[in-house]
Amino acid sequence: MLNKYARGLFAAIFRPIALFLVRRGVSPDTVTIVGTLGVMAGALGFYPLGQLFWGTVLITVFVFSDIVDGLMARQLNRKGPWGAFLDSFLDRVGDSSVFVGIVIWFFTGGANPAIAVSALICLVLSSLVSYSKARAEGLGLTANVGIAERSERLVVVLVATGLVGLGIPDWVLLAVLLLLAVASLVTVFQRVFTIRRQAFEIADAEPPR
């Protein structure tokens with residue numbers, strides 16, 4: 001849902017930056033890599049130190065590189081498989097770093113194992129959500145369904161974590177993570193059943209040998 005309604009707005013906002021970088025000879029791959037490193041710095045550098053608010057600010061700034069590199073690739077008419085793979089792969093790295101940073105802090109200085117375990121569960125389920133779609137596409141199928149796609153997962157986690165960094169009770173983040181875990185699990189099942197339906201439709205359409 002966020003992809004559908006917000007991506008056009010953000011594309012308009014960041015298009016001047018993308019054009020500026022293209023004119024300076026910066027490649028989309030460079031922006032993708034730098035953006036991921038920035039997300040990792042916020043998640044694995046700030047979160048484990050308990051700097052949840054400033055870590056979230058840094059992550060949010062670099063998350064938008066995902067829009068910028070896409071705009072740059074379209075401007076340069078680069079639509080090859082390498083760029084698509086790199087972008088998708090590093091998205092997973094960045095997203096995983098966010099959950100890992102939360103896990104580390106709340107297992108250590110944050111002293112809230114319930115949040116840490118919930119974040120770990122979200123990490124696993126988020127990986128399954130992403131894998132199901134990637135595997136479906138590798139088989140020539142589609143799995144563009146689900147109530148908890150990447151944008152939704154990232155936004156709710158970052159907002160809740162940042163607010164906890166500003167002093168709201170930890171239970172708010174715990175509640176968000178638990179709801180996200182449930183939504184991610186539902187999304188996994190939605191994608192599995194969608195893939196199953198498509199697979200059986202293809203099998204039924206094949207002529208008998």
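Just so it is clear, the values below take in all heavy atoms, side chains as well, and ignore hydrogens, waters and symmetry mates.
Legend: residues meeting salt bridge (charged side-chain N to carboxylate O under 4.0 Å, His left out) with Asp29, ordered by chain and number and at least two apart, are absent. The salt bridge (charged side-chain N to carboxylate O under 4.0 Å, His left out) test applied to Arg197 returns Glu201, not counting sequence neighbours. With sequence neighbours left out, Phe53 forms a side chain to side chain contact (heavy atoms under 4.5 Å, CB included) with Val57, Leu166. Residues forming a side chain to side chain contact (heavy atoms under 4.5 Å, CB included) with Leu37 (at least two apart in sequence, or on another chain): Ile33.
Atom CZ of Phe64 and atom CD1 of Ile13 lie 7.5 Å apart (nearest 0.5 Å). Between the CG atom in Asp95 and the CG atom in Leu158 there is a gap of 9.0 Å [rounded to 0.5 Å]. The structure places CG of Leu52 at 8.0 Å from CD1 of Ile102, a figure rounded to the nearest 0.5 Å. To the nearest 0.5 Å, atoms CG (Leu21) and CD (Gln75) are separated by 11.5 Å.
For the pair Gln198 (side chain) and Thr142 (backbone), a donor-acceptor distance under 3.5 Å is present. Remark: side-chain polar atoms of Thr108 are paired, donor with acceptor, to backbone N or O of Trp105 under 3.5 angstrom. One N or O on the side chain of Ser126 and one on the backbone of Cys122 form a donor-acceptor pair closer than 3.5 Å.
Clustering ILVMFWY residues whenever any of their side-chain heavy atoms sit less than 4.5 angstrom apart, transitively, puts Val156 in the very cluster that holds Val39. The same ILVMFWY cluster, assembled from side-chain heavy atoms under 4.5 Å apart, contains both Leu154 and Val172. Hydrophobic clustering (side-chain heavy atoms under 4.5 Å, transitive across Ile, Leu, Val, Met, Phe, Trp, Tyr) groups Leu71 together with Leu76. Taking hydrophobic clusters as Ile, Leu, Val, Met, Phe, Trp and Tyr residues chained together by side-chain heavy-atom distances below 4.5 Å, Leu19 does not share a cluster with Met72. Both Leu174 and Val100 belong to a single network of hydrophobic side chains, linked directly or stepwise wherever heavy atoms of I, L, V, M, F, W or Y lie under 4.5 Å apart.
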Give the table of side-chain donor-acceptor pairs shorter than 3.5 Å for residues 176-194, with sequence neighbours excluded, one pair per line with atom names and distance.
unit_1: Ser184; atom_1: OG; unit_2: Leu180; atom_2: O; d: 2.8
unit_1: Thr187; atom_1: OG1; unit_2: Ile147; atom_2: N; d: 3.2
unit_1: Thr187; atom_1: OG1; unit_2: Ala148; atom_2: N; d: 3.0
unit_1: Thr187; atom_1: OG1; unit_2: Ala183; atom_2: O; d: 2.9
unit_1: Gln190; atom_1: OE1; unit_2: Ile147; atom_2: N; d: 3.2
unit_1: Arg191; atom_1: NE; unit_2: Ala143; atom_2: O; d: 3.1
unit_1: Arg191; atom_1: NE; unit_2: Val145; atom_2: O; d: 2.8
unit_1: Arg191; atom_1: NH1; unit_2: Val129; atom_2: O; d: 2.8
unit_1: Arg191; atom_1: NH2; unit_2: Val145; atom_2: O; d: 3.3
unit_1: Thr194; atom_1: OG1; unit_2: Gln190; atom_2: O; d: 2.8

Between Asp170 and Phe106, is the side chain to side chain contact (heavy atoms under 4.5 Å, CB included) condition met? List the steps. CA-CA 10 Å; Asp170 287 356; Phe106 284 102; 3.8 Å; yes
Go through it in stages, so that I can follow the logic: the residues are Val98 and Ile59, the test is side chain to side chain contact (heavy atoms under 4.5 Å, CB included), and I'd like the CA-CA distance, side-chain angles, deciding distance and then a yes or no. CA-CA 8 Å; Val98 171; Ile59 292 168; 4.2 Å; yes
Start with the C-alpha distance between Trp54 and Leu58, add both sets of side-chain angles, then the distance that settles side chain to side chain contact (heavy atoms under 4.5 Å, CB included), and finish with yes or no. CA-CA 6 Å; Trp54 290 111; Leu58 183 61; over 6 Å; no
Where do Ser65 and Thr32 land on the side chain to side chain contact (heavy atoms under 4.5 Å, CB included) test, with the steps shown first? CA-CA 6 Å; Ser65 66; Thr32 303; over 6 Å; no
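No hydrogens or angles considered: a donor-acceptor pair under 3.5 Å links the side chains of Thr56 and Tyr47.
Minimum heavy-atom separation, Phe62 to Val34: CD2-O, 3.8 Å. Closest non-hydrogen pair, Ala12 versus Pro16, comes out as O-CD, 3.7 Å. A pairwise comparison of heavy atoms in Leu44 and Ser97 identifies CD2-O, 3.7 Å as the closest pair. Between Val103 and Ala119, the shortest heavy-atom contact is CG2-CB, 3.7 Å.
Hydrophobic side-chain contacts under 4.5 Å tie Leu139 into a cluster, directly or through other members, with Leu141, Ile195, Ile202.
Ion pairing of Arg150 with Asp66 is present here, as a side-chain N (NZ or NE/NH1/NH2) and a carboxylate O approach within less than 4.0 Å.
In this pair, Phe89 and Phe85 present their aromatic rings parallel. The plane angle is below 30°, not in the 30 to 60° band.
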